[in-house]
There are 2 protein chains.
Amino acid sequence: MNRTISPTSEACTNRLTSIGDALYVIGGKWKLRVIVALLEGSKRFNEIQRSIDGISARVLSSELKELELNGFVTRIVHTGTPIVVEYQITEYADTLSGVLNSLSSWGAMHRDKLRRER
Amino acid sequence: MNRTISPTSEACTNRLTSIGDALYVIGGKWKLRVIVALLEGSKRFNEIQRSIDGISARVLSSELKELELNGFVTRIVHTGTPIVVEYQITEYADTLSGVLNSLSSWGAMHRDKLRRER
DNA sequence: CGGTATCCCACAGGATACTG
DNA sequence: CAGTATCCTGTGGGATACCG
């Protein structure tokens, strides 16, 4: 590697594209929240909806489909009476624990800071 | 604390609101990218725009204003000829390093996984 | 260079109603 | 319960032009 060329700029570009890649799949208002809700344990559609404040059925439905497509969530249909549909996070979703932890602890810290300020 | 009540559910709710709080200020398509671009060092408006692929002047301008309002970025005007405006991240923005690191390393990991799969 | 002003539209996502 | 269908609005954000 040529050390006369600043590695900082390259590292920055890499971070930029990596963060872009991450946001592409887990960005948006709801994806991470759905995952967090399911980390607590498998849940059914309405249970998830009740866990997440403000999400509509239509949006939750589409978010779950995308999460399933990207391998974060498994949809399990228990045939029987009544039919029960259960959503479960996959092992792959566990790879997000670092992101989730840093995000939630930063969020808590930030909220406290705002409260102290005003 | 009453141990007969599951702490898991409460912890989940806390994470949910903390992540909500975090996304409220650093969510969206561009905020984190602008911060990452400036972590490399202070930059001027057009330099930032060139660093971040796809961002328009109008959007960059409004993102910078919000970031300034939230204490992540400082705007420094060097009067002179020509006038030079420089954007610099604040110390507070450094508190995001954990989020940034986990997000970028997860993004890189995920991208590699996708490449291996197809 | 460092923006602002305008215009515009695609789309995320809210509300409500309805179905198997 | 587990969604789908419909409708609709807000707004994020692109394109272009212009200004000090």
Side-chain angles (χ1 to χ4, degrees), chain A residues 16-17 19-20 22-38 40-70 72-89, chain B residues 16-17 19-20 22-38 40-70 72-89:
Chain A
L16 240 19
T17 60
I19 285 179
L23 294 181
Y24 187 74
V25 272
I26 57 171
K29 193 170 173 180
W30 300 113
K31 297 234 165 44
L32 286 180
R33 292 178 225 216
V34 174
I35 290 172
V36 169
L38 288 175
E40 199 184 351
S42 305
K43 284 181 181 158
R44 304 190 324 204
F45 190 88
N46 283 347
E47 288 180 313
I48 303 173
Q49 196 180 1
R50 264 175 268 124
S51 302
I52 303 174
D53 196 47
I55 195 167
S56 70
R58 195 184 68 79
V59 170
L60 177 56
S61 175
S62 78
E63 297 290 302
L64 283 169
K65 271 174 193 156
E66 280 182 62
L67 289 172
E68 204 185 345
L69 257 176
N70 288 315
F72 295 115
V73 163
T74 312
R75 193 188 134 147
I76 304 165
V77 181
H78 299 280
T79 51
T81 329
I83 290 174
V84 170
V85 182
E86 177 191 355
Y87 291 91
Q88 191 179 338
I89 53 164
Chain B
L16 239 18
T17 60
I19 285 178
L23 294 181
Y24 187 75
V25 271
I26 58 171
K29 194 171 175 181
W30 300 113
K31 296 234 164 45
L32 286 179
R33 292 178 225 217
V34 174
I35 290 172
V36 169
L38 288 175
E40 199 183 352
S42 304
K43 284 180 180 159
R44 304 192 325 207
F45 190 88
N46 283 346
E47 289 179 313
I48 303 174
Q49 195 178 2
R50 264 175 267 124
S51 303
I52 303 175
D53 196 46
I55 196 168
S56 70
R58 194 183 70 77
V59 170
L60 177 56
S61 175
S62 77
E63 297 290 302
L64 284 170
K65 270 174 193 157
E66 281 182 62
L67 289 172
E68 204 185 344
L69 258 177
N70 288 314
F72 295 116
V73 163
T74 312
R75 193 186 124 121
I76 305 165
V77 181
H78 299 281
T79 51
T81 329
I83 289 174
V84 170
V85 182
E86 177 190 354
Y87 291 91
Q88 191 179 337
I89 52 165

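In what follows, chains are A, B, ... by sequence order, proteins preceding strands, each numbered from 1.
Annotation: proximity of residues 24-37 of chain A to DNA chain D (heavy atom, distance under 4.0 Å) is found for no residue.
As a whole-Å value, the separation of B:F45 CZ from D:dG20 C1' is 15 Å. With rounding to whole Å, A:H78 atom NE2 is found 12 Å from D:dG3 atom P. Between the CD atom of A:E47 and the P atom of D:dG3 there is a distance of 12 Å, given to the nearest Å. Straight-line distance from the CD1 atom of B:I76 to the P atom of C:dG2: 13 Å, rounded to whole Å. Distance A:L60 CG to C:dG14 P: 11 Å, rounded to the nearest Å. The interatomic distance linking A:L23 (CG) with C:dA12 (C1') rounds to 16 Å, in whole Å. What separates CZ of A:R50 from P of D:dG3 is a distance of 13 Å, to the nearest Å. Rounded to an integer number of Å, the gap from CD of B:Q49 to C1' of D:dT16 is 13 Å.
Proximity of a side-chain donor or acceptor of B:E47 to a complementary backbone N or O of B:R44 within less than 3.5 Å is detected. With hydrogens and angles ignored, the 3.5 Å screen pairs a side-chain donor or acceptor of A:Q49 with a backbone N or O of A:I55. Judged by distance alone, with hydrogens and angles left aside, the side-chain atoms of A:K43 form no donor-acceptor pair with the main-chain N or O of A:Y87 at under 3.5 Å.
One finds a side-chain N or O of A:S61 lying less than 4.0 angstrom from the OP1 or OP2 phosphate oxygen of D:dT4. Close to D:dA2, at under 4.0 Å from its OP1 or OP2, lies a side-chain N or O of A:R44. Between A:K65 and the phosphate of D:dT4, there is a side-chain N or O to OP1/OP2 separation shorter than 4.0 Å. Contact annotation: B:R75 reaches the phosphate of C:dG3 (side-chain N/O to OP1 or OP2, under 4.0 Å). In this model, the phosphate group of D:dA5 is not approached by any side-chain N or O of A:R58 to a distance below 4.0 Å at OP1 or OP2. Between B:Y87 and C:dC1 there is no side-chain polar atom (N or O) within less than 4.0 angstrom of OP1 or OP2.
Counting all heavy atoms, side chain and backbone alike, B:L16 lies closest to A:A37 at CD1-N, 4.3 Å.
In this structure, B:A57 and B:E63 both approach DNA chain D, and ranking their closest nucleotides by distance from the 5' end singles out B:E63. Nucleotides of DNA chain C nearest to A:I55 and B:I83 differ in position, and the one nearer the 5' end is that of B:I83.
Proximity of B:K31 to B:E63: side-chain heavy atoms (C-beta onward) are separated by under 4.5 Å at one or more points. Considering only heavy atoms from C-beta on, A:F72 stays 4.5 Å or farther from A:I89 through its side chain.
Side-chain N/O atoms of A:T74 and A:Q88 include no donor and acceptor closer than 3.5 Å.
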